[in-house]
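These notes concern the structure reproduced below.
Both counts, for ligands and for their atoms, begin at 1 and track the order of listing. Everything numeric in this text was worked out from a predicted model, so none of it was measured.
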Amino acid sequence: MKNFIFIGAPGAGKGTQAAMVKQDLHLAHISTGDMLRAAVKAGTELGKEAKAYMDAGELVPDELIIAMVKERLQEEDAQNGFILDGFPRTVAQAEALQQMLEEQGLKLTAAVSFEVPEEVVIERLSGRRVCKQCGAIYHIKNNPPKQEGICDKCGGELIQRDDDKPEAIKRRLESFKADTEPVLAFYEKLGLLRKLQADAPAEEVHRKFLEAFGD
Ligand code: AP5
């Protein structure tokens, strides 16, 4: 059973790679960003509380995120292996995760850091489009849909995320440096950190991932 954490700057390609790895290794894909966007869309209490933070590119408070992940990790599909995409993002979240794993008798395979230069992530985020219906990820240049504005997979409308606007992108990058880079040091100390050069086409990054972890 394999349990991964995917860490990386916004736009590093965590969601794109997680969708590919999920298919190959049959793992649950647990994206805190997707879970929060679903809560916002459904208008739940959590969604109402999270929306302002997300739109501004700020982190949602630890206690909300930790409770949400704790519940998700107890679901059946997570017992056969998982990818945590976008969590943990603070040292407090990493510590809480260690405790959850211990309680459930689970171990991490690796914390994979997707390494991409800042100018590349800015270009990726500015050109990203996502399907409003199924969440599939596109890029206007790197991975365009067959028909502009329409999802290849489900025919849904493609939109720009509210937090992919320049001001929010800037804030998210600052938060990555201040809050999430210390999480890399946390996993390095535990001997679990693996760095993957991710400034390459998505298929190539995926191939490198499978070479390292796909056995
Ligand atoms: P979240 O949704 O997790 O956003 P993020 O970490 O900023 O990551 P992204 O989804 O923007 O990027 P990605 O690395 O998945 O890249 P993608 O594959 O889409 O979080 C959103 C917000 O929710 C946060 O700001 C925060 O408010 C809140 N939140 C979430 N988790 C939280 C937590 N744990 N604690 C507190 N708050 C939390 O790719 C990007 C683009 O690049 C796409 O267009 C794609 O097509 C393209 N692309 C991907 N790979 C490649 C490649 N190899 N080559 C060329 N183009 C590529």
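For a threshold of 3.5 Å applied to N or O pairs, the pair formed by Gly11 and ligand 1 contains at least one separation below that value. Below 3.5 Å of separation, one finds no N or O of Pro88 facing any N or O of ligand 1. For ligand 1, the polar-atom distance check finds an N/O of Gly15 within less than 3.5 Å of one of the ligand's N/O atoms.
Side chain of Gln104 to backbone of Gln99: no donor-acceptor contact under 3.5 angstrom is found. The backbone N or O of Val21 lies less than 3.5 Å from no partner atom in the side chain of His26, so there is not a single donor-acceptor pair.
Salt bridge annotation for Asp77-Arg72: present, with a cationic side-chain nitrogen under 4.0 angstrom from a carboxylate oxygen. A salt bridge between Glu204 and Lys208 is absent, with no side-chain N of the basic residue lying under 4.0 Å from a carboxylate O of the acidic one. A salt bridge does not link Arg172 with Asp179: none of the charged nitrogens is closer than 4.0 Å to a carboxylate oxygen. Between Lys177 and Glu174 there is no salt bridge, since no side-chain N of the basic residue sits under 4.0 Å from a carboxylate O of the acidic one. Salt bridge Glu102/Lys107: absent, no basic N to carboxylate O contact under 4.0 Å.
The shortest non-hydrogen separation linking Ile66 to Ala96 is CD1-CB, 3.6 Å. Across all their heavy atoms, Arg194 and Ala110 have their closest contact at CG-CB, 3.9 Å. Nearest heavy atom pair, residue Ser113 against residue Leu193, reads CB-CD1, 4.1 Å. Closest approach of Ser126 and Gln160 over heavy atoms only: O-NE2, 3.5 Å.
At the top of the distance list for atom 23 (O) of ligand 1, counting protein heavy atoms only, stands Met54 CE, 3.6 Å. Closest to atom 53 (N) of ligand 1, if we only count protein heavy atoms, is Ala200 O, 2.6 Å. Nearest to atom 26 (C) of ligand 1 among the protein's heavy atoms is Glu58 O, 3.5 Å. In terms of protein heavy-atom proximity, atom 19 (O) of ligand 1 is nearest to Arg128 NH1, 2.6 Å. Nearest non-hydrogen protein atom to atom 54 (N) of ligand 1 is Arg124 NH2, 3.3 Å. For atom 7 (O) of ligand 1, the nearest non-hydrogen atom of the protein is Arg172 NH2, 2.8 Å. Summary of contacts: the protein heavy atom closest to atom 5 (P) of ligand 1 is Arg89 NH2, 3.2 Å. The protein atom (non-hydrogen) at minimum distance from atom 16 (O) of ligand 1 is Gly13 N, 3.3 Å.
Looking at Leu125 against ligand 1, only its side chain comes within 4.0 Å, counting heavy atoms. Heavy atoms from both the backbone and the side chain of Thr16 come within less than 4.0 Å of ligand 1. Counting heavy atoms under 4.0 Å from ligand 1, residue Asp163 touches it through the side chain alone. Neither the backbone nor the side chain of Glu204 has any atom closer than 4.0 Å to an atom of ligand 1 (non-hydrogen atoms only). In Pro61, neither the side chain nor the backbone holds a heavy atom less than 4.0 Å from any atom of ligand 1. For Ala50, no heavy-atom contact with ligand 1 is shorter than 4.0 Å. At a heavy-atom cutoff of 4.0 Å, ligand 1 is contacted by the side chain of Asn142 but not by its backbone. Only the side chain of Ile65 comes within contact range of ligand 1, with a heavy atom under 4.0 Å; no backbone atom does. The proximity of Phe114 to ligand 1, defined as any non-hydrogen pair under 4.0 Å, does not occur for either the backbone or the side chain.
Annotation for ligand 1: atoms under 4.0 Å from non-hydrogen atoms of Arg37 are 2 (O), 21 (C). Taking every non-hydrogen atom of Ile137 and a distance limit under 4.0 Å, the qualifying atoms of ligand 1 come out as 18 (O), 19 (O), 43 (C), 45 (C), 46 (O). Near Gln93, the atoms of ligand 1 lying under 4.0 angstrom from a non-hydrogen atom of the residue are 33 (C), 34 (N), 35 (N), 36 (C). Which parts of ligand 1 touch Thr32 is read off a 4.0 Å heavy-atom cut-off, strictly below it: atoms 30 (C), 31 (N), 32 (C), 34 (N).
The side-chain heavy atoms of Arg129 and Ile137, taken from C-beta on, include no pair separated by under 4.5 Å.
Within the set Asp34, Asp179, Leu36, the minimum heavy-atom distance to atom 38 (C) of ligand 1 is found for Leu36. The residue among Lys141, Arg161, Lys14 with a heavy atom at the shortest distance from atom 4 (O) of ligand 1 is Arg161.
In this pair, Phe114 and Phe209 present their aromatic rings parallel. The plane angle is below 30°, not in the 30 to 60° band.
The CG atom of Asn142 sits 5.5 Å away from atom CD of Glu123, with the distance rounded to the nearest 0.5 Å.
Under a 4.0 angstrom heavy-atom cut-off, Gly8 registers as lying outside contact with ligand 1. Contact between Gly127 and ligand 1 is absent, with no heavy atom of the residue lying under 4.0 Å from the ligand. Not a single heavy atom of Gln17 sits closer than 4.0 Å to an atom of ligand 1.
With no hydrogens or angles considered, a side-chain donor-acceptor pair links His206 and Asp24 at under 3.5 Å. Donor-acceptor pairing under 3.5 Å is recorded for the side chains of Thr90 and Asp62.
For the side-chain contact (heavy atoms from CB on, under 4.5 Å) with Tyr53, the qualifying choice from Asp163, Leu59, Val60, Leu36 is Val60, the only one to do so.
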